[in-house]
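Let me begin by presenting the structure, written as C-alpha cells, before commenting on it.
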Amino acid sequence: MKRFKVRVIAAALALSAFAFTTGFARASEYAAGTAGYLKSATYYSDDWVINFWNSESKNMDAELAQIAEDGFNSIILVIPWREFQPGTNPIAYNTYPWDKLDRVMKAAAAQNLSVMLRVGYTWDYYGRDNVLNRFQALLYDEDMRLAWLDYVKRLYERTSAHENFCGGFITWEDFWNFTESAANFGKGAYSREMAAKVGYTDYLRERYSLEELGKLYRTRFSSYDALYLPEGNSPARAVFYEFYNHFLNQLLAESQEVFPDLSMEVRLDGDPVTQADGSVRGYMHSDTFACENASYSSTMYSIPMGQANQYERITAAQAVDMAPWMLGNIHNYNNGKGLYIDQFLFTDNTVGFEHNAQLLDEEKPVYLEAIVPVLKNMSMGYGIWTYRDYGDNKLYNAQFALGDKEWTFTGSGRVEERGGSMAAVLPSGASVSQKIGSRSSGNAGSKGYVRFKVSSEGNSDVTVRLGNMSKSVNVTGERTVDLEFTAPSFSALTIENRGAEVWVDDISVYTFVTRGEVYEMDGEPGPCLEAVRQMNQALGTP
C-alpha cells in the first residue's frame with residue numbers, strides 16, 4: 001500500500017523546540033510525521049458530553065490515568081459554544097466551564113496526555129433558548145460572527161497557554177441543521193427572503209446564469225430575486241451544498257485567524273441529490289477537504305461508509321478493504337495534508353440507523369488489528385468517541401457542582417459539601433426536583449431509567465417520581481439506586497425522603513445508553529477493551 005506523504009509546514013518547524021522541551025507536540029507536528037501517532041479518547045468523565053462541563057468529575061485523575069494506561073496519548077474535549085459563551089450580544093462567559101477546562105488541561109498534562117478540542121459543539125443544557133438559532137445566525141448576523149470569533153479566540157488563548165495543548169477542529173455536524181431545515185422552506189416568500197438573507201442569492205448571482213439555475217430548479221426565473229432555497233428532492237440542492245460548503249470554508253478561515261491551525265471535521269460520505277432524470281447521486285463535499293490553512297484535515301470514519309447499508313453484517317476483511325478507498329478520497333483533495341480521524345467508529349448502536357452495515361461481533365477484535373496498517377499509512381491519528389458508555393442524562397448540574405442551580409428544594413433540603421464533593425441533603429419530609437421540559441423530547445428508548453447514589457446513617461424511605469410515575473426504595477447505609485420506568489414520557493424528576501436524613505448525589509435520568517464496547521457505563525471493561533489496547537500498542541508511541 002502506498003504511504004501518503006504529508007507536507008511539512010513552517011508552523012511544525014517553529015514548534016519543534018517546544019515539543020523537545022515539554023514532551024508534548026502540536027497537531028502540525030503529527031501532520032508532518034515528526035511526532036509519532038496521535039491516539040485520542042474523547043473525555044467526558046462519568047457523565048456525557050452534553051453535561052460534562054457542569055459536573056464535578058470527582059475521579060478525573062484516575063480516569064485520565066486509565067486513558068493513558070490504555071495506550072492513548074491524548075484526549076478530545078468537546079466544547080459547547082453556548083455553555084461557555086451563553087451571551088452573544090452583549091458577549092458573556094460562564095466561569096465554571098472555563099475553570100474546569102483549566103483543571104482538565106492540568107490533570108491531562110500530569111498523565112502525559114495532549115489535548116485536542118472539538119470547538120463549537122451544538123448541544124448543551126444551558127439556557128432555554130433554541131441553540132440552533134445562533135448557529136443559523138452565523139450566516140447573516142455580523143454580531144453573532146463577532147461573538148463566535150471572540151469565543152474561538154478566548155478558547156485558543158486559554159488552552160494554548162498549557163504545554164499539552166495540541167490543536168482543535170470544528171465539525172460540519174455542528175453547523176448542519178440549517179441545511180436540513182432549509183429543505184422544507186418551500187418556494188414562497190419566506191424561502192426567497194431567507195435565500196437572500198443568508199447570502200445564497202448573491203452567491204448564485206456571481207457564479208451561475210439564470211438559464212443554468214432554471215435547469216437545476218426545473219423552472220424559469222425572471223430575476224435572481226426570485227430564487228428560493230431548494231427543496232430536499234430538487235437537483236438544485238447540489239448548488240445549495242456548494243454554497244454551504246463555501247460558508248463553512250469562510251467561517252473556518254476567519255476562525256483560523258484567531259485560532260491558528262484550527263482544522264475542520266469534513267463530511268466524508270455524500271449527500272443524496274436527485275438528478276433531472278429522477279436518479280440519485282451522492283454529492284461529495286470535497287471542496288472542504290483541504291480545510292483552508294490548517295496543516296491537516298479531520299474526519300469521522302465509520303464501518304457503514306461505502307457499504308450498501310441494508311442491515312448487512314460484515315467481516316473484518318470487508319471493512320478493512322473499504323477503508324483505503326474512503327480515506328483516499330480525502331487525500332485526493334486535501335493537498336497532501338495529514339488526516340486526523342477524530343471519530344473512529346468501529347461499532348455503533350445509534351437509534352434510527354439500525355439498517356447501517358455493522359461488523360459481526362466476533363470480527364471486531366480482528367478488525368482493530370487489521371486496520372492498523374491502514375491507519376498508519378493514511379492518517380496522523382485517530383480518536384474514539386465512546387470511550388465509556390453513557391446514558392443520555394436529561395439533568396443539568398446532576399452532580400451539584402453548581403450548588404442548587406436548576407434544582408428546587410422543599411422542606412430543609414439543601415446542597416452541602418461532603419468529603420470534597422457537593423451533594424443534596426434531604427432531611428425527613430424534604431425533596432429535590434428538577435424540571436426536564438423539552439429535554440425529554442429527544443428520548444431514544446422505550447423506557448426511562450433513574451440512577452443515583454444515596455446514603456443514610458439510619459433507615460430511610462426514598463420515593464422517586466419521574467413524571468407521573470413513582471417508585472420507592474429503602475435506604476440504610478450507602479448504595480447506588482437503579483430504577484426502571486415503563487414509559488419515557490416525563491417533564492420532571494423528584495426525589496423525596498421519609499425517615500433518617502439522606503445524602504443524594506450523581507443523579508442520572510436517561511432513556512438510552514450509547515455503547516462503544518471499550519468501557520461500560522459503570523466503568524467495567526467492555527468486550528473490545530483489550531483489542532483497543534493492542535491496537536494502540538501496534539500504532540506505536542512518539
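This one's a predicted model, so the numbers in the text were calculated from it and none came from an experiment. Residue numbers run from 1 in the order of the sequence given.
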Students often mix this up, so state it plainly: with edges at 30° and 60°, are the rings of Phe409 and Phe400 parallel, tilted or perpendicular? tilted
Distance (rounded to the nearest 0.5 Å) between Asp342 CG and Ser40 OG: 9.0 Å
Would you call the rings of Tyr340 and Phe169 parallel, tilted or perpendicular if under 30° counts as parallel and over 60° as perpendicular? perpendicular
Hey, does the side chain of Asn59 reach the backbone of Ala62 with a donor-acceptor pair shorter than 3.5 angstrom? no
Any chance you could measure Tyr44, atom OH, to Leu77, atom CG, to the nearest 0.5 Å? 12.5 Å
Report yes if the distance between the aromatic ring centroids of Phe259 and Tyr156 is under 6.0 Å, otherwise no. yes
Atom CG of Asn459 and atom CG of Asn474: how far apart are they, to the nearest 0.5 Å? 4.5 Å
Charged N to carboxylate O under 4.0 angstrom, Lys394 versus Glu406? no
Testing the basics here: between Ile170 and Phe175, what is the closest heavy-atom pair and its distance to 0.1 Å? CB-CE1, 4.1 Å
Donor-acceptor contact below 3.5 Å, side chain Ser456 vs main chain Gly458: yes
Using side-chain heavy atoms (C-beta onward) and a distance below 4.5 Å, is Asp505 in contact with Ser421? yes
For the pair Arg158 and Asp102, find out whether any cationic side-chain nitrogen is under 4.0 Å from an anionic carboxylate oxygen. yes
Quick check on the 6.0 Å ring-centre criterion: do Tyr43 and Phe52 meet it? yes
Okay, side chain of Tyr93, backbone of Tyr151: is any donor-acceptor separation there less than 3.5 Å? yes
Short question: side chain of Glu265, backbone of Glu173 - any donor-acceptor pair under 3.5 Å? no
Would you say the side-chain atoms of Thr410 and Ser431 include a donor-acceptor pair closer than 3.5 Å? yes
Is any side-chain heavy atom of Leu138 closer than 4.5 Å to one of Arg134? no
Short side-chain donor-acceptor distance under 3.5 Å, Asn177 and Thr122: no
Look only at the side chain of Lys471 and the backbone of Glu484, and say whether a donor-acceptor pair between them is shorter than 3.5 Å. yes
What pair of heavy atoms forms the shortest contact from Val131 to Asp124, and how long is it? CG2-OD2, 4.4 Å
Partners of Trp53 by side chain to side chain donor-acceptor pair (under 3.5 Å), sequence neighbours excluded? none
Any chance you could lay out the salt bridge (charged side-chain N to carboxylate O under 4.0 Å, His left out) test for Arg414 and Glu501, step after step, and finish with the verdict? CA-CA 12 Å; Arg414 61 199 180 275; Glu501 183 178 80; 3.6 Å; yes
Give a yes or no on whether the backbone of Asn309 and the side-chain of Glu312 come within a donor-acceptor separation of less than 3.5 Å. yes
Any salt bridge between Arg533 and Glu530, counting N to O under 4.0 Å? yes
Would Thr511 and Asp392 count as having a side-chain donor-acceptor pair, cut-off 3.5 Å? yes
Check: Phe346 ring centre within less than 6.0 Å of Tyr367 ring centre: no
Flag, side chain of Thr42 to backbone of Ile384, donor-acceptor distance under 3.5 Å: yes
Expected output: side-chain Ser114 to main-chain Phe24 donor-acceptor under 3.5 Å: no
Scan Trp81, Trp148, Tyr140, Phe178 and name whichever one has a ring pair (Phe, Tyr, Trp, His ring centres under 6.0 Å) with Phe135. Trp81
Determine the sole option in Tyr390, Tyr449, Phe452 for which the ring pair (Phe, Tyr, Trp, His ring centres under 6.0 Å) test with Tyr510 is passed. Tyr449
Hey, do the aromatic rings of Tyr382 and Phe344 have their centres closer than 6.0 Å? yes
Output the distance between atom CG (Leu132) and atom CG (Asp174), rounded to the nearest 0.5 Å. 10.5 Å
Measure the CD-CG distance between Glu56 and Leu402 for me, rounded to the nearest 0.5 Å. 9.0 Å
Are Glu517 and Arg515 within salt-bridge range, i.e. N to O under 4.0 Å? no
Show every ring-ring contact (aromatic ring centres under 6.0 Å, His included) that has at least one partner inside residues 457-489, sequence neighbours left out. none
Looking at Arg103, is its backbone amide N or carbonyl O close enough to the side chain of Asp99 to form a donor-acceptor pair, meaning the two atoms are under 3.5 Å apart? no
Using atom types as modelled and distance alone, determine if a side-chain donor or acceptor of Asn497 lies under 3.5 Å from a backbone N or O of Ala500. yes
Pairing of Arg418 and Glu416 as salt bridge, 4.0 angstrom limit: no
How far does CZ of Arg82 sit from CH2 of Trp123, to the nearest 0.5 angstrom? 9.0 Å
Partner of Thr299 under side-chain contact (heavy atoms from CB on, under 4.5 Å), chosen from Leu268, Asp269, Thr171: Leu268
Carboxylate-amine/guanidinium proximity below 4.0 Å for Asp522 and Arg451: no
